[in-house]
Amino acid sequence: MAAPSAAQRIVIENAAIATVDANDTEYATGYLVVADNKIESIGAGKAPEGLENVVRRIDATGHLITPGLVNTHHHFYQWITRGLATDHNLFNWLVALYPTWARIDEQMVRVAAQGSLAMMARGGVTAAMDHHYVYPQGSGDLSGAIIGAASDMGVRFTLARGSMDRSQKDGGLPPDFAVETTEGALAATEETVRKFHDASFDSMTQVAVAPCSPFSISTELLREGAALGRRLGVRMHTHGSETVEEEKFCHELFGMGPTDYFESTGFLGEDVWMAHCVHMNDSDIAAFARTKTGVAHCPSSNARLAAGIARVPDMLKAGVPVGLGVDGTASNESGELHTELRNALLINRLGAHREAALNARQALRLGTYGGAQVLGRADSIGSLEAGKLADFVLWKVDGLGHSSIADPVTAIVFGAAAPVTASFVNGRQIVENNRLLTADEDRIARDARTEAQRLARIAAQA
């Protein structure tokens, strides 16, 4: 039997480091050693002497190293419907856009996924997710297209395989041909999990069970989706408590608020995370804390759709796991998660807690370790610790936008979006000097414009 090959090492020195570990350990000047796809060591000062098989050394003077950003809620397909219905609330926005979304096909979804992923990856996201729930009849292999785009980009990825079975004829919002049957949705979700989900420590692709929202799914789909997720041992995701209209809808249809409704169907628990959670009372927050249900906080989208301000400080105080989400780029046209660090801090300071709502390090934690918790991957990503996977970012903080801010964490949260000099996923560099190494950004931009125009023509003809 051949001896195992020695690990190849990358040594990074002279950087400020924010580990986001349990103690919020930071180094004003430190080092990070990567061995293959894992962090081997991290600390203050220079890297240990005598390291073998060092294939690369990086002088990171003028940079802050953080864990890679983790995006916990997105809808990639919306990349080709940006800039529409810009003055609508959520309900009217959905009514305006569902007729267009119902015409997507595999090529559109592949290109839209490439655009969404490229924008996030270029801005420091190393772990992404996509909640895809629109599967029009005859539209092709949409899940395969999305997962393929993430694999090609080199980003760690969770597909939240969404579903809808409540169409217009049943009082829902989507057109009839854009939804699945309850049985068909459950079967397709199970097939996707069995085909693509990898539960290993260093998995690059995972799948979650993700019925869309109370507006567009039956109680049976929600209840059976929870049972399916637990039978398969995967996580579950949906939208919850996003607007006052949802609260009213749930009371009228189910005789209870969204949180109680979700709990009655089995859709709360430490294996569940919920997008938005804007309109949560004390009882709702207590239920999430008691069940360890996670939250994907999407501050920019919540503001864009005038949904409100989520009670993030109260959730954190209660022990609710909270991460950050871009949300679909039809309600967050920038599509970047690093801007959400700043927006989460600023928007939450408009709430009841004012200046005490969040600080810079709490915002960074939401975007890194908090996101890893929400996706069920805190054992492997989300902080910089020996033995964890080598997903990290080098932010340039000595340039015009940041050099006069002494504290580098404050610089990247309060300041302008910091340039990404390098981003690594699983020990592989995917970004260099704000440009992707794994994809042609200019080609993606051209393709996205072409597919956006094609979708607009098809929707107009329909």
Side-chain angles (χ1 to χ4, degrees), residues 2-27 29-60 63-71 120-121 124-129 150-151 153-158 197-206 323 364-365 367-395 420-432 437-438:
S5 58
Q8 293 191 328
R9 290 181 171 84
I10 299 172
V11 177
I12 306 171
E13 294 181 300
N14 304 320
I17 301 175
T19 68
V20 199
D21 65 9
N23 298 314
D24 273 328
T25 305
E26 296 183 14
Y27 305 106
T29 304
Y31 69 88
L32 180 71
V33 178
V34 175
D36 292 337
N37 70 335
K38 295 185 178 69
I39 297 170
E40 183 176 68
S41 61
I42 185 170
K46 293 291 185 181
E49 297 288 339
L51 294 172
E52 297 181 349
N53 297 317
V54 175
V55 297
R56 187 178 178 192
R57 289 185 179 272
I58 299 173
D59 180 357
H63 289 80
L64 170 68
I65 302 179
T66 72
L69 301 183
V70 180
N71 181 38
M120 285 189 294
V125 168
T126 57
M129 69 80 70
S151 178
M153 198 75 64
V155 173
R156 205 176 299 282
F157 182 61
T158 297
H197 182 70
D198 176 5
S200 64
F201 179 81
D202 58 356
S203 166
M204 293 295 291
T205 305
Q206 297 196 343
L364 178 60
R365 179 170 287 275
T368 53
Y369 187 81
Q373 277 187 299
V374 163
L375 294 185
R377 304 210 60 176
D379 64 330
S380 59
I381 62 173
S383 60
L384 302 179
E385 301 178 69
K388 283 199 166 186
L389 297 171
D391 293 9
F392 60 94
V393 180
L394 276 69
W395 309 92
V420 175
T421 294
S423 182
F424 287 78
V425 181
N426 218 39
R428 174 196 183 196
Q429 187 173 354
I430 65 167
V431 175
E432 184 170 16
L437 298 176
T438 52

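Position 1 is the first residue of the sequence, and the numbers go up from there.
- Atom OH of Tyr27 and atom CG of Leu64 lie 13.5 Å apart (nearest 0.5 Å).
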message: Between Asn37 and Leu389, is the side chain to side chain contact (heavy atoms under 4.5 Å, CB included) condition met? List the steps.
response: CA-CA 6 Å; Asn37 70 335; Leu389 297 171; 3.8 Å; yes
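- Considering CG of Leu69 and CG of Asp391, their distance stands at 11.0 Å, rounded to 0.5 Å.
- Ile381 approaches Ala127 most closely through the heavy-atom pair CD1-CB, 3.9 Å.
- The two residues Lys388 and Phe201 make their nearest non-hydrogen contact at CA-CZ, 4.5 Å.
- A pairwise comparison of heavy atoms in Val431 and Ala121 identifies CG2-O, 3.3 Å as the closest pair.
- For the pair Thr126/Val155, no side-chain contact is recorded, criterion being any heavy-atom separation below 4.5 Å from C-beta on.
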message: Using the rule given for side chain to side chain contact (heavy atoms under 4.5 Å, CB included), can you reason through Val393 versus Ser423, listing the C-alpha separation, both sets of side-chain angles and the distance that settles it, and then say yes or no?
response: CA-CA 4 Å; Val393 180; Ser423 182; 3.8 Å; yes
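- Residues Arg9 and Glu52 are not paired through a salt bridge, judged by the lack of any N-O separation under 4.0 Å between the basic side chain and the carboxylate.
- Classification of Asp202 and Lys38 as a salt-bridged pair fails, no side-chain N sitting under 4.0 Å from a carboxylate O.
- Side-chain N or O atoms of Arg365 include one that pairs as donor or acceptor with a backbone N or O of Asp21 at under 3.5 Å.
- Here the CG atom belonging to Asp24 is positioned 8.5 Å from the CG atom belonging to Leu364, to the nearest 0.5 angstrom.
- Between Thr25 and Asn23, the side chains place no donor N or O within less than 3.5 Å of an acceptor N or O (distance only, hydrogens not considered).
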query: Going through the distances and angles, do Ile17 and Tyr31 end up as a side chain to side chain contact (heavy atoms under 4.5 Å, CB included)?
result: CA-CA 8 Å; Ile17 301 175; Tyr31 69 88; 5.6 Å; no
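- Counted by atom type alone, Thr421 and Trp395 present zero donor-acceptor pairs between their side chains at under 3.5 Å.
- Scanning both residues, Gln429 and Ala422, for their nearest heavy atoms gives NE2-CB, 3.5 Å.
- For the pair Ile430/Leu437, no side-chain contact is recorded, criterion being any heavy-atom separation below 4.5 Å from C-beta on.
- Of the possible donor and acceptor atoms, one in the side chain of Glu13 sits under 3.5 Å from a partner among the backbone N and O of Ala47.
- Atoms CG and CD1, on Asn14 and Ile12 in that order, are 11.0 Å from each other to the nearest 0.5 Å.
- Between Tyr369 and Val70 there is no side-chain heavy-atom pair separated by less than 4.5 Å.
- For Ser203 (side chain) and Ala199 (main-chain N/O), no donor-acceptor pair under 3.5 Å exists by modelled atom type.
- The main-chain N or O of Ser200 is found under 3.5 Å from a side-chain atom of Asp198 such that the two form a donor-acceptor pair.
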message: side chain to side chain contact (heavy atoms under 4.5 Å, CB included) for Arg156 and Arg377? Distances and angles first, verdict last.
response: CA-CA 11 Å; Arg156 205 176 299 282; Arg377 304 210 60 176; 3.5 Å; yes
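- Of the N and O atoms on the side chains of Gln8 and Arg56, not one donor lies less than 3.5 Å from an acceptor on the other residue.
- The side-chain heavy atoms of Ile58 and Leu394, taken from C-beta on, include a pair separated by under 4.5 Å.
- The two atoms that bring Val34 and Ala390 nearest to each other are CG1-CB, 3.7 Å, heavy atoms only.
- By the 4.5 Å heavy-atom criterion applied to side chains, Ile42 and Val33 are not counted as neighbours.
- Contact record, Phe392 with Leu384: CB-CD2, 3.8 Å, taken as the closest heavy-atom pair.
- Counting heavy atoms from C-beta on, the side chains of Met204 and Val425 come closer than 4.5 Å.
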